[in-house]
Amino acid sequence: MQDDISREDRLDWYRRMCLIRGFEEEIHNLNKAGLVQGTAHLYIGMEAIAVGACSAMNSADLLTSTHRGHGHCIARGLDTGRMMAEILGRVDGYCGGKGGSMHITDVSRGMLGADGIVGGGIPIAVGAALGVRLKGDLSVVLCFFGEGASNQGSFHESLNLAAVRRLAVVFICENNLWALSAPFAEVTAGGSVANRAGAYGIPGEKVDGNDVEAVFKAVNEAAKRARAGLGPSLLECVSYRWEGHSIFTRQEIRPAEEIQQWKQRDPINRYRARLIEAKTAASEVLGQIELQVSEQISKAIQFAKNSSLPDSETAFRNTYA
Amino acid sequence: MQDDISREDRLDWYRRMCLIRGFEEEIHNLNKAGLVQGTAHLYIGMEAIAVGACSAMNSADLLTSTHRGHGHCIARGLDTGRMMAEILGRVDGYCGGKGGSMHITDVSRGMLGADGIVGGGIPIAVGAALGVRLKGDLSVVLCFFGEGASNQGSFHESLNLAAVRRLAVVFICENNLWALSAPFAEVTAGGSVANRAGAYGIPGEKVDGNDVEAVFKAVNEAAKRARAGLGPSLLECVSYRWEGHSIFTRQEIRPAEEIQQWKQRDPINRYRARLIEAKTAASEVLGQIELQVSEQISKAIQFAKNSSLPDSETAFRNTYA
Amino acid sequence: MRQTSYAEALNEALREEMRRDPLVFVLGEDVGRMGGLFKVTQALLEEFGPERVIDTPISEAAIAGAGVGSALVGTRPVIEFQFNDFMTIAMDQIVNHAAKLRYMTNGMVSVPLVIRAPVCGGISLGAQHSQSLESWFVHTPGLKVVMPSTPADAKGLLKSAIRDDNPVLFFEHRLLYAQTGEVPDEEHLVALGVADVKRTGTDLTLVATGRTVSLALRAAEKLSEEGIEVEVIDPRTLKPLDTHLIFQSVRKTNRLLVASDGWSACGYASEVMATVMEHCFFDLDAPIQRVCPKDVPMPVAGPLQKAVMVSEEDIVSNCRRVLAT
Amino acid sequence: MRQTSYAEALNEALREEMRRDPLVFVLGEDVGRMGGLFKVTQALLEEFGPERVIDTPISEAAIAGAGVGSALVGTRPVIEFQFNDFMTIAMDQIVNHAAKLRYMTNGMVSVPLVIRAPVCGGISLGAQHSQSLESWFVHTPGLKVVMPSTPADAKGLLKSAIRDDNPVLFFEHRLLYAQTGEVPDEEHLVALGVADVKRTGTDLTLVATGRTVSLALRAAEKLSEEGIEVEVIDPRTLKPLDTHLIFQSVRKTNRLLVASDGWSACGYASEVMATVMEHCFFDLDAPIQRVCPKDVPMPVAGPLQKAVMVSEEDIVSNCRRVLAT
Ligand SMILES: Cc1ncc(C[n+]2csc(CCOP(=O)(O)OP(=O)(O)O)c2C)c(N)n1
Ligand SMILES: Cc1ncc(C[n+]2csc(CCOP(=O)(O)OP(=O)(O)O)c2C)c(N)n1
Ligand SMILES: [Mg+2]
Ligand SMILES: [Mg+2]
């Protein structure tokens with residue numbers, strides 16, 4: 001990725017953020033219609049993180065994701081139709097309906113997998129970085145995880161291991177201030193995840209996770225460092241999830257005002273306003289993009305709905321290579 | 001424990017350090033004679049840490065230990081005869097020969113157990129602190145572990161949990177610069193364990209682990225903080241083990257000069273010289289103490305040797321309460 | 001007697017034991033403010049406060065270790081894992097510490113710790129949220145393993161588990177949480193290690209656990225219409241196993257089928273088979289069979305999940321198979 | 001053929017595979033500079049350098065996760081755990097990730113990962129360093145489980161494990177490391193999933209694994225003096241199990257004893273018993289029995305350890321028991 005941001009980049013980022021938002025909103029509707037197989041953890045409100053971060057990736061770069069992974073997938077350019085098909089448990093889904101929302105994977109795009117285990121993907125990212133180095137590739141691995149995951153042992157072991165081996169990993173903590181019902185400060189000592197970088201002698205930085213360009217810049221710097229063989233970095237992107245923890249969640253623990261406040265900092269609206277203000281694009285141009293996005297989502301849903309539920313026989317395949 | 005150190009304290013500390021040294025040296029001999037059951041990890045060279053730290057404990061305080069636990073036990077006043085009996089696998093050992101060197105425990109002295117799992121005792125210390133608080137006790141828990149253990153996930157999770165709950169734990173890292181064949185800097189990012197305290201917003205301090213009074217003071221301060229409800233601290237006591245990793249170890253990885261240098265910083269000789277210099281005690285008085293210590297060790301060995309190996313039937317008892 | 005759900009029954013057990021003994025406390029992710037992912041700890045925070053109902057960070061290894069440490073100093077922690085799959089992160093503390101500390105110290109200490117966790121699939125959460133790992137713990141000496149199938153058993157067994165001085169792993173089936181049943185109004189304890197005949201019969205013994213008990217009972221009803229009388233035994237405690245009741249039944253029916261939501265290989269069903277084989281071989285008229293989920297991870301899509309999990313039909317057809325030989 | 005020790009044979013397998021394939025690499029605690037706690041990785045660092053022989057921090061969970069991640073991108077990690085007891089710290093990565101990623105992605109990825117670890121007791125290291133936890137992994141679909149009993153098998157199986165595209169858990173018995181045996185000079189591969197008849201016999205089938213194979217062979221010699229001919233079968237791969245060879249033997253001898261260093265409850269022995277029961281019930285003249293360690297953690301003191309572990313005498317007396325019925 002280039003350092004300076006072009007108009008095309010900006011419009012593309014806006015498009016991707018809209019795509020994530022629209023995609024996630026539709027999952028709500030599909031769930032009400034009883035079509036989602038299992039659960040889904042929506043990324044609404046956090047779009048700027050995935051889009052900003054993945055925009056700093058080269059084509060050979062890799063990423064690992066979390067239970068809340070749709071945003072990363074879309075930002076990385078996965079096919080929304082196959083994603084939706086997976087969420088509806090259909091044969092044309094990325095995992096043929098076996099993985100569902102929490103396990104969407106597309107190695108052809110360097111997406112090594114969402115993960116149902118909080119903190120589970122972190123050492124896998126480190127391993128991937130170890131592997132690509134052995135293969136002589138210059139790939140960087142983006143490793144996404146929630147602030148809740150930063151209290152897992154795997155976080156600590158992985159940062160330490162990546163740091164002592166100077167591996168090309170960018171650790172991206174998505175601090176949305178809550179882990180299920182747990183408020184950040186109540187369960188996380190030290191007041192900041194970025195600050196934990198000091199324990200491993202690596203750079204740590206807190207970033208406005210609702211500002212796609214700020215995220216891009218921070219990740220791009222960290223990726224450059226990594227590519228130059230200078231080792232891993234830790235970024236804490238502060239944002240918020242607008243929806244309940246998962247589509248299963250009925251109970252809302254978080255204060256209504258807090259949710260309201262964060263909705264006012266909508267990363268998409270904010271970026272829209274900025275693009276218009278900076279005359280990067282007129283409202284109509286953005287409107288066009290929004291329309292295209294809606295169409296893409298409709299197609300994705302159609303694709304998913306047209307795909308059939310898997311035959312029970314497929315349950316017994318692909319346990320072993 | 002009082003803050004100011006009396007002459008009695010000083011002499012007692014000297015005595016305890018000698019006792020640890022002599023006890024461990026005898027294990028070498030007993031092992032050559034084929035009497036040790038299983039392995040043992042000797043504490044020689046690190047005596048000042050255990051003695052300084054445990055001297056800051058009140059009678060109701062607790063501690064958790066490691067595979068290299070003899071020093072902590074002796075410093076805490078466990079019976080050397082029963083310890084030696086356990087190391088020789090005898091019925092009069094603390095664990096009736098079932099636990100061996102790595103599992104010596106004496107709850108009557110607040111010693112919750114050595115541990116064969118690197119990092120295994122750390123969350124147990126946190127749990128003990130949680131438990132005593134629930135019981136309304138004011139006990140502090142000293143939690144010993146090696147610098148190798150500071151790369152385990154359990155270290156991270158435990159420090160975070162103790163910090164957010166403001167538990168009365170003093171985390172004492174014994175940094176002897178090597179974890180089996182692994183040199184500290186090669187496997188530990190950040191260059192310092194004490195520095196990792198920052199990640200949890202708790203005090204962290206590096207201490208000369210070969211200076212019994214420095215260790216005492218640091219642990220005493222941390223324990224006072226803990227008792228006052230101000231939460232945990234992390235101390236990194238830098239020292240060195242003189243012997244191989246365990247009595248099984250035949251191969252020495254560490255540079256001979258490094259070992260030599262550290263032997264010149266012998267915590268016992270150093271303290272002896274200081275006591276004499278400060279006129280706390282004449283050489284003869286210390287000689288008396290050394291003699292007493294030798295006698296105590298001889299008695300411990302005699303006690304252990306006189307105790308019989310357990311009857312095979314006892315193998316089937318005490319799995320369940 | 002009142003109709004109570006399995007989840008409410010568990011909640012009652014916790015509340016009653018916490019009222020009875022101030023050293024009983026609860027810790028785990030989202031157990032306080034939220035009342036637990038499956039509502040089993042609901043309203044405990046309000047009654048007992050944040051020192052006895054502890055919302056923890058997401059740190060399963062430290063949670064288990066904190067359970068061990070607090071048990072060692074004489075309190076009685078009850079830990080909740082949101083899914084038993086996450087116990088994989090805490091195996092060291094459970095297996096190397098909780099299970100062994102008493103033995104390693106030759107009885108000097110005890111670890112009165114309860115770990116509760118839901119098992120198995122059924123709501124399309126996939127391979128990392130649908131395992132039924134109880135067999136690992138049955139394998140491990142030093143642990144007790146409990147798996148209730150009814151609200152009354154759930155309550156009575158949890159109260160006994162909390163009073164037990166050993167580490168007890170308490171497995172709940174999430175499809176059972178909403179199931180209701182009669183629970184005695186008065187103090188209700190079910191002793192660990194005692195199996196229960198859920199239905200008497202003469203033609204075949206069917207040992208089933210957890211959710212498979214209700215499938216087994218429905219299967220038995222169906223077969224009864226054809227004149228086949230199946231005896232359904234629920235061990236309730238998987239370790240220690242009440243072999244007496246099982247042997248007695250097998251000696252009467254001469255045939256045995258074992259149903260379990262855990263995988264077959266080295267699983268709980270194989271253990272029951274092996275034990276009965278050792279002791280009742282000459283009483284058997286036919287090979288013992290087992291009904292377990294298929295030997296694959298749990299898939300998400302409904303038809304796949306259904307194909308993998310044990311069903312009533314599986315049990316019926318396997319009963320027939322055992323009876324046909 | 002040369003006489004080679006079990007440890008040397010493993011070392012040869014690693015060296016040969018690392019020479020053959022530059023994507024094979026080794027990681028674990030003390031595997032480099034020290035050559036491994038039990039010398040299995042000796043001198044690999046010198047030949048292959050620190051990028052392919054990686055001394056890690058003491059971080060078992062991250063080590064396993066790093067294995068999974070590097071396997072996902074197409075390299076072939078071989079991890080060493082110093083004792084299988086420490087795998088308790090890495091169960092999430094092994095069971096929730098390595099075992100399931102291929103299935104969860106419907107075959108999109110594979111995880112060609114080998115995890116080596118010594119099992120069982122014998123040198124008085126006590127309860128946290130003496131377990132034999134292979135049964136847990138046999139329980140888990142998605143994993144293969146290997147346990148060689150001779151130097152030749154050790155070499156041939158490790159080479160096959162490294163070439164296999166699945167996660168393979170490779171269990172070594174530390175009392176075997178110093179044992180010597182003939183190992184072919186030329187390229188030597190032993191296919192996974194193929195059992196081996198270590199001794200033929202007609203009176204009783206004895207399935208034994210790892211260390212218990214040599215105990216079984218000695219026991220068989222002893223019984224042979226009395227005219228009792230025991231057939232000793234070593235499955236070598238515990239999962240997938242070569243049932244064919246075992247069934248064939250049982251159909252010939254009509255009697256079966258299973259020996260294992262893992263605990264009996266939900267253990268590997270119970271699995272073999274259950275499988276044979278299902279398929280060969282009417283071929284059996286006597287109940288199948290098992291010889292396993294006693295159902296307690298491993299104690300340290302010599303006489304206690306001896307009382308708990310499986311011995312040659314245990315096997316002899318249990319053979320007699322099976323033959324007496
Ligand atoms: C090991 C593990 N523990 C608990 C859970 C249950 N769980 C799923 S998401 C979640 C909260 C995660 O919080 P965070 O990491 O901040 O991510 P967020 O959901 O806020 O995006 C929990 C507790 C899990 N999936 N895995
Ligand atoms: C979980 C675990 N991993 C590995 C080991 C093997 N082991 C025992 S001691 C040791 C080194 C520990 O180093 P450190 O924590 O620095 O303590 P030290 O021995 O230096 O006192 C290792 C790797 C173990 N016992 N437990
Ligand atoms: Mg969060
Ligand atoms: Mg050390």
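Quick caveat, the model's predicted, so the values are computed rather than measured. Values below: every heavy atom of this structure, side chains too, minus hydrogens, waters and symmetry copies. First the proteins, then the strands, lettered A, B, ... as listed; each starts at 1.
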| Which answer fits D:E60, side chain, backbone, both or neither, if we ask what part of it has an atom under 4.5 Å from a heavy atom of chain B? |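 Both parts, backbone and side chain.
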
| query | Which region of D:T88, side chain (C-beta onward) or backbone (N, CA, C, O), has a non-hydrogen atom less than 4.5 Å from a non-hydrogen atom of chain B, or is it both or neither? | reply |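 No part of D:T88 comes within 4.5 Å of chain B.
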
Quick check on the interface: out of [options], who has the most heavy-atom pairs with chain D under 4.5 Å?
options: B:A149, B:P310, B:G100; value: B:P310
options: B:T249, B:T188, B:L180; value: B:L180
options: B:G93, B:A179, B:G148; value: B:G148
options: B:G99, B:G116, B:G89; value: B:G116
options: B:T319, B:I117, B:V118; value: B:I117

| message | Can you see whether D:Q128 engages D:D85 through a side-chain donor-acceptor pair at a distance of less than 3.5 angstrom? | response | no

| Is it true that D:R33 and D:E46 have a side-chain N and a carboxylate O under 4.0 angstrom from each other? | no

| Would B:E86 and B:K98 pass as an ion pair if we require N to O under 4.0 Å? |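 No, no charged N to carboxylate O under 4.0 Å.
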
| query | Should we say atom NZ of D:K39 is surrounded by more than 12 heavy atoms from elsewhere, each under 6.0 Å from it? | reply |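 Enclosed.
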
| task | Would you mind checking which part of B:F316 comes under 4.5 Å of any heavy atom in chain D, side chain (CB onward), backbone (N, CA, C, O), both or neither? | result | both

| field | Pairs of heavy atoms under 4.5 Å with chain B: top-ranked of D:L125, D:D30, D:D295, D:V296 | value |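 Heavy-atom pair counts peak at D:D30.
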
| query | Taking atom CD1 of B:I87 and atom CZ of B:R82, what is their separation to the nearest 0.5 Å? | reply | 13.0 Å

| request: Return the orientation label for the D:H129 and D:F86 ring planes: parallel under 30°, perpendicular over 60°, tilted otherwise. | output: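 Taking D:F86 first and then D:H129, their aromatic rings stand perpendicular (interplane angle over 60°).
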
| said: On a heavy-atom basis, which atom in D:F171 and which in D:V119 lie closest, and how many Å separate them? | reply: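 Smallest interatomic distance, heavy atoms only, reads CD2-CG1, 3.4 Å.
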
